[in-house]
Protein chains: 2
Amino acid sequence: MKEAAKALPSKPTEVSREPGAINNRIFFRLFQLGNTLQRQAFKELGISTVQWAMLGALSRPRAEEGMSLADLSDYLLVSRQNLDGVLKRLERDGYLVRITDEVDRRARIVKLTPEGRRFWTSLQPKIYEFYRQAMVQFRFDDTVAFVHYLNMLQADLQDVELP
Amino acid sequence: MKEAAKALPSKPTEVSREPGAINNRIFFRLFQLGNTLQRQAFKELGISTVQWAMLGALSRPRAEEGMSLADLSDYLLVSRQNLDGVLKRLERDGYLVRITDEVDRRARIVKLTPEGRRFWTSLQPKIYEFYRQAMVQFRFDDTVAFVHYLNMLQADLQDVELP
DNA sequence: AAATATATATCAACATATTGATGCGATGCT
DNA sequence: AGCATCGCATCAATATGTTGATATATATTT
């Protein structure tokens with residue numbers, strides 16, 4: 001993939017002071033970032049972004065007893081059908097299992113296997129380095145502001161409803 | 001798609017002051033935003049994000065004479081093969097054409113058709129309203145800072161290379 | 001007990017995205 | 001003229017993502 005994006009303005013003062021122009025750039029850049037993140041994650045970490053998010057979700061202490069499919073879908077914000085496909089591949093690779101919930105036998109609980117936990121643990125140094133290189137220009141205050149903006153956008157983006 | 005993301009912290013002071021934790025949230029949120037943007041764009045605007053980016057690219061004054069496939073691929077940061085698929089569908093819908101370059105007959109130039117320009121023009125009010133709702137919490141200074149952070153990340157993310 | 005609701009699995013159709021590869025026509029170089 | 005290179009089209013395999021729909025097992029309500 002050739003590197004053309006660097007030719008675009010990279011300093012605030014270079015951006016047109018027209019809201020429409022900035023919004024165009026914001027959403028265009030989000031589109032590009034989604035693809036670039038997906039590609040770089042797969043190339044450098046060997047996992048896709050949804051696998052990354054899923055393994056991350058399941059490795060949290062609060063998910064030690066696993067997560068229901070409904071909760072996982074809600075957490076990741078992907079459809080049930082898509083979730084099934086991703087789960088199947090991670091099951092195939094031995095990283096997680098689906099277990100029938102003992103309380104509600106309709107529900108399925110997804111848990112990391114010991115192999116899955118080992119895999120996740122082995123990824124940590126790589127993920128740390130990935131962050132270090134990707135965020136090299138960000139100071140701590142920048143990361144705080146950045147995640148704040150991302151959260152703000154996510155909250156309202158999903159509620160967008162045109163007439 | 002149920003709305004669970006709102007349960008997540010949305011204020012800077014609520015984010016752990018641990019760089020790793022913030023980075024986890026930044027990249028997780030980018031993953032979610034990519035999907036949410038794709039879904040909302042299709043649902044509310046009737047076009048996918050790559051179609052949006054492509055139509056936007058081709059409607060710029062500097063692209064009035066069209067863009068080569070190579071330039072379009074570089075600009076959008078998608079593979080040639082993927083570009084071909086997206087172009088085929090937009091050609092099918094009559095929004096653009098591929099023309100042989102008269103200078104280098106190996107090259108193809110992609111241009112919007114009059115129908116494509118009309119379609120793009122008809123989208124503008126919707127896109128404006130999309131931005132207005134999605135960015136409702138952003139003040140002008142926020143948008144400037146935000147696009148600055150997105151540019152910064154894009155620049156370094158594509159250069160990430162793990163040992 | 002019967003009806004209704006829920007959680008999940010699965011199907012179908014389609015779109016978007018990647019890498020690696022091959023082939024063809026055109027261009028550039030020797 | 002011949003050869004190397006280029007720009008693109010296409011193929012193959014795979015993954016991720018959506019909506020709408022159907023089916024099954026289980027839970028809840030009447």
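Letters A, B, ... mirror the listed sequences (proteins, then strands); counts begin at 1.
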Where the side chain of A/Gln38 is concerned, which of D/dT16, D/dG7, D/dA9 is the nearest nucleotide?
D/dT16
Ignoring backbone atoms, test whether B/Arg89 places a side-chain nitrogen or oxygen under 4.0 Å from the OP1 or OP2 oxygen of C/dC14.
no
5′-ward residue of the pair A/Lys43/A/Arg108 relative to DNA chain C:
A/Arg108
Taking only side-chain N and O atoms of A/Arg80, does any of them lie within less than 4.0 angstrom of OP1 or OP2 on C/dC11?
no
Taking A/Arg118 first and then A/Glu115, would you say they form a salt bridge - that is, a charged N and a carboxylate O separated by under 4.0 Å?
yes
Can a salt bridge be assigned to the pair B/Lys88 and B/Asp84 using a cut-off of 4.0 Å between side-chain N and carboxylate O?
yes
If you assign A/Phe31 and A/Leu69 each to the DNA chain C nucleotide with the nearest heavy atom, which residue ends up on the more 5' nucleotide?
A/Leu69
Closest-nucleotide mapping onto DNA chain D: is A/Gln81 or A/Gln51 further toward the 5' terminus? I mean the 5' end.
A/Gln51
Take atom CG of A/Asp104 and atom C1' of C/dA5, then tell me their distance rounded to the nearest Å.
12 Å
CD (B/Gln124) with more than 12 external heavy atoms under 6.0 Å
yes
Which listed nucleotide (C/dT8, D/dC8, C/dA15) is nearest to the side chain of B/Arg92?
C/dA15
Can you tell me how far C1' of D/dT22 sits from CG of A/Asp84, to the nearest Å?
15 Å
Is the distance from OP1 or OP2 of C/dA17 to the nearest side-chain N or O of B/Ser79 less than 4.0 Å?
no
Residues clustering with B/Ile99 (ILVMFWY side chains joined when closer than 4.5 Å, directly or via others)
B/Val97
Check ion pair A/Asp141-A/Arg139 (N to O, under 4.0 angstrom):
no
Write down the distance between CG (A/Asn35) and C1' (D/dA15), rounded to a whole number of angstrom.
13 Å
So what does A/Val110 touch, heavy atoms closer than 4.0 Å: a base, only the sugar-phosphate, or nothing?
nothing
note: A/Leu37, atom CG; D/dG17, atom P; distance rounded to Å ~ 11 Å
Heavy atoms under 4.0 Å, any strand shown: does B/Asn82 hit a base, just sugar-phosphate, or nothing?
base
Nearest to the side chain of A/Val78, which nucleotide is it out of D/dT16, D/dA27, D/dT18?
D/dT18
Atom-pair distance (CE on A/Met54; C1' on D/dT16), nearest Å:
11 Å
Pairing of B/Lys126 and B/Glu44 as salt bridge, 4.0 angstrom limit:
no
To the nearest Å, how far apart are A/Leu76 CG and D/dT18 C1'?
16 Å
How many Å lie between CG on B/Leu83 and C1' on C/dT16, as a whole number?
12 Å
Closer to the 5' end of DNA chain D via nearest nucleotide, is it A/Arg106 or A/Phe42?
A/Phe42
Please report, rounded to the nearest Å, how far the C1' atom of C/dA17 is from the CD atom of A/Gln40.
14 Å
Can you find a side chain N or O atom of B/Lys88 that sits less than 4.0 Å from OP1 or OP2 on C/dA15?
no
